[in-house]
S.K.: 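Below you'll find the structure I mean.
Every number for a ligand or one of its atoms is a count from 1 in the order of the listing. Worth saying up front: this structure is predicted, and the values here are computed from it rather than measured.
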Amino acid sequence: MTLPQSPDAIVVSDAHKTYGTDQKAVVALGGVDAAIQRGEFVSIIGPSGCGKSTMLRMIAGLEEVDSGDVSIFGLRTEDACDAKMIGLVPQVPALLPWLSVLDNVTLPSKINRGAERRRQHGIGGVYTRPDPVDIHGLLDRVGLADAAHKLPAQLSGGMRQRASIVRAFGLQPDVLLMDEPFSALDEFTREALQGQLLEIWRDMQTTVVFVTHNVSEAVRLSDRVIVMGANPGRITAEVEIDLPRPRDEELLKSTAFHDYEDHIRHQLQSAWRDNSAAAA
Ligand SMILES: Nc1ncnc2c1ncn2[C@@H]1O[C@H](COP(=O)(O)OP(=O)(O)OP(=O)(O)O)[C@@H](O)[C@H]1O
Ligand SMILES: [Mg+2]
């Protein structure tokens with residue numbers, strides 16, 4: 001299937017990506033079609049190795065598809081990258097070890113000072129310049145205010161993850177790609193950061209593509225959950241999460257919430273079964 005490009009969506013159309021050759025070839029993406037609407041919060045969930053990070057890297061323009069197409073609001077990924085429209089929180093936080101937390105998180109906005117201007121002239125109509133982000137406020141919100149002058153080596157894994165998240169938010173990207181950003185956090189910090197992410201998403205009207213292994217997290221955060229299966233990496237189900245926002249404590253305990261969790265777990269189990277059958 002070939003999906004048309006859209007000025008209002010990230011479109012992944014019949015995307016194929018294979019690593020290696022011959023017997024050692026791994027089909028990381030075997031014909032993926034997805035359309036993510038502007039402003040939407042979409043999570044991707046699926047077994048390890050099913051191509052979730054590959055899909056994010058394709059959208060981020062860090063890797064090319066072998067065949068098929070990826071477009072960001074009607075732009076080629078290279079152009080979207082040039083216009084600094086994309087922020088990526090990678091699976092492994094990549095902070096510069098010689099810079100303090102504060103210098104790490106402010107670096108992209110220093111480098112990209114000219115980007116706003118380019119975005120205003122970019123394709124896609126009128127662009128309103130966002131107010132500069134209050135980086136100190138963000139550091140405070142994620143509990144890193146006291147660590148602002150520390151080096152990455154002095155931080156725990158979870159603190160590094162949080163610094164990486166602040167850095168991505170600081171750019172105010174149109175598209176925020178997050179690869180298991182909360183995986184190294186304890187449960188309470190994770191829940192607090194989920195809430196903060198939702199606030200920031202709402203305030204900045206960003207489009208978020210969020211990879212997770214955690215079903216509850218996917219249901220709490222998302223407008224839609226994409227379930228992937230492996231060998232070849234592909235989308236096996238898409239589930240609209242029709243729950244009101246904000247998704248408070250009461251809602252998380254509700255039957256409707258648990259029904260969505262059960263449904264997605266069931267879809268994941270099907271993806272696993274298909275995977276095992278293909279491997280047998
Ligand atoms: N650079 C690479 N070279 C070779 N194989 C790769 C490369 N990157 C990914 N792969 C393979 O492609 C498949 C998909 O990898 P990917 O990292 O996208 O999976 P994932 O769904 O993000 O997994 P996880 O949940 O463990 O992070 C895996 O089989 C992986 O081994
Ligand atoms: Mg991954």
S.K.: Using the six-membered ring wherever Trp is involved, compare the ring planes of Phe41 and Trp201 and label them parallel, tilted or perpendicular (cut-offs 30° and 60°).
M.R.: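 Rings of Phe41 and Trp201: perpendicular, over 60°.
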S.K.: Do Glu180 and Thr212 have side-chain N/O donor and acceptor atoms under 3.5 Å apart?
M.R.: no
S.K.: To check your reading of the model: name the closest protein heavy atom to atom 17 (O) of ligand 1, its residue, and the distance in Å.
M.R.: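 Scanning the protein heavy atoms, the shortest distance from atom 17 (O) of ligand 1 goes to Ser53 CB, 3.7 Å.
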S.K.: Is there a heavy atom of Met55 sitting under 4.0 angstrom from any atom of ligand 1?
M.R.: no
S.K.: Does Met228 reach ligand 1, in the sense of a heavy atom lying below 4.0 Å from it?
M.R.: no
S.K.: Heavy-atom contacts with Val26 under 4.0 Å: which atoms of ligand 1 show up? List them by number with element.
M.R.: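 So the answer, numbered in order with elements, is 12 (O), 13 (C), 29 (O).
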S.K.: Would you say Leu198 and Leu221 make side-chain contact, with heavy atoms under 4.5 Å?
M.R.: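 They are in contact (side-chain heavy atoms under 4.5 Å apart), so the answer is yes.
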S.K.: Determine whether the side chain, the backbone, both or neither of Lys17 has a heavy atom under 4.0 Å from any heavy atom of ligand 1.
M.R.: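 For Lys17, there is no contact with ligand 1 at all, from either part.
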S.K.: With a 4.5 Å cut-off on side-chain heavy atoms, are Val70 and Val11 touching?
M.R.: no
S.K.: May I ask you to test the Arg160-Ile165 pair for a side-chain heavy-atom distance under 4.5 Å?
M.R.: no
S.K.: Does the side chain of Val175 reach to within under 4.5 Å of the side chain of Phe73, using non-hydrogen atoms?
M.R.: yes
S.K.: Within the structure, does Cys50 bring an N/O atom to less than 3.5 angstrom of an N/O atom in ligand 1?
M.R.: yes
S.K.: Heavy-atom contacts with His213 under 4.0 Å: which atoms of ligand 1 show up? List them by number with element.
M.R.: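 Atoms satisfying the 4.0 Å criterion: 25 (O).
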S.K.: After noting the C-alpha distance and the side-chain angles of Asp242 and Arg224, does the key distance pass the salt bridge (charged side-chain N to carboxylate O under 4.0 Å, His left out) rule?
M.R.: CA-CA 8 Å; Asp242 189 11; Arg224 184 157 52 105; over 6 Å; no
S.K.: Between Asp103 and Arg167, is there a side-chain N and carboxylate O pair less than 4.0 Å apart?
M.R.: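 Looking at Arg167 together with Asp103, the answer is no, because their closest N to O distance does not fall below 4.0 Å.
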S.K.: By number and element, which atoms of ligand 1 are closer than 4.0 Å to a non-hydrogen atom of Thr54?
M.R.: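 Reading through ligand 1 atom by atom, the close ones are 14 (C), 15 (O), 16 (P), 18 (O).
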S.K.: Say whether Glu63 and ligand 1 are in contact under the criterion: heavy-atom distance to a ligand atom below 4.0 Å.
M.R.: no
S.K.: I need the atoms of ligand 1 closer than 4.0 Å to a non-hydrogen atom of Gln91, numbered in the order shown.
M.R.: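 Checking each atom against Gln91, I get 27 (O).
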S.K.: According to ring-ring contact (aromatic ring centres under 6.0 Å, His included), does anything in residues 218-269 pair up with another residue at least two apart or in another chain? List the pairs.
M.R.: none
S.K.: Looking just at side-chain N and O atoms, do Ser53 and Asp179 make a donor-acceptor pair shorter than 3.5 Å?
M.R.: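 Result is yes, a qualifying pair exists.
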S.K.: Do you see a donor-acceptor pair shorter than 3.5 Å between the side chains of Gln161 and Ser183?
M.R.: yes
S.K.: Mind checking whether Arg234 and Thr236 have side chains closer than 4.5 Å, heavy atoms only?
M.R.: yes
S.K.: Closer than 2.8 Å to the Mg ion (ligand 2), which protein N, O or S atoms?
M.R.: Ser53 OG, Gln91 OE1
S.K.: Run the salt-bridge test on Glu199 and Arg141 with the 4.0 Å N-O cut-off and return the result as yes or no.
M.R.: yes
S.K.: Given the protein's heavy atoms, is any one of them under 4.0 Å from atom 30 (C) of ligand 1?
M.R.: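 False for atom 30 (C) of ligand 1.
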S.K.: Assess Gly51 for proximity to ligand 1: is some non-hydrogen atom of it under 4.0 Å away?
M.R.: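 Contact present.
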S.K.: Could you check Ile44, Leu268, Val42, Ile264 and say which one makes a side-chain contact (heavy atoms from CB on, under 4.5 Å) with Val225?
M.R.: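 Testing Val225 for a side-chain contact (heavy atoms from CB on, under 4.5 Å) against Ile44, Leu268, Val42, Ile264 leaves exactly one candidate, Ile264.
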S.K.: Quick test: of every protein heavy atom, which one is nearest to atom 9 (C) of ligand 1, and how far off is it to 0.1 Å?
M.R.: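 Result for atom 9 (C) of ligand 1: Tyr19 CE1, 3.3 Å.
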S.K.: Can you report which non-hydrogen protein atom sits closest to atom 24 (P) of ligand 1, along with the distance?
M.R.: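 The answer is Ser48 OG, 3.6 Å.
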S.K.: Measure from atom 20 (P) of ligand 1 to every heavy atom in Ala25, Gly49, Ser183 and give the option owning the shortest one.
M.R.: Gly49
S.K.: Under a heavy-atom criterion of less than 4.0 Å, does Gly20 contact ligand 1?
M.R.: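 Gly20 does not count as a contact of ligand 1 under the 4.0 Å cut-off.
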S.K.: Could you tell me, atom by atom, which parts of ligand 1 come under 4.0 Å of a heavy atom of Glu180?
M.R.: 25 (O), 27 (O)
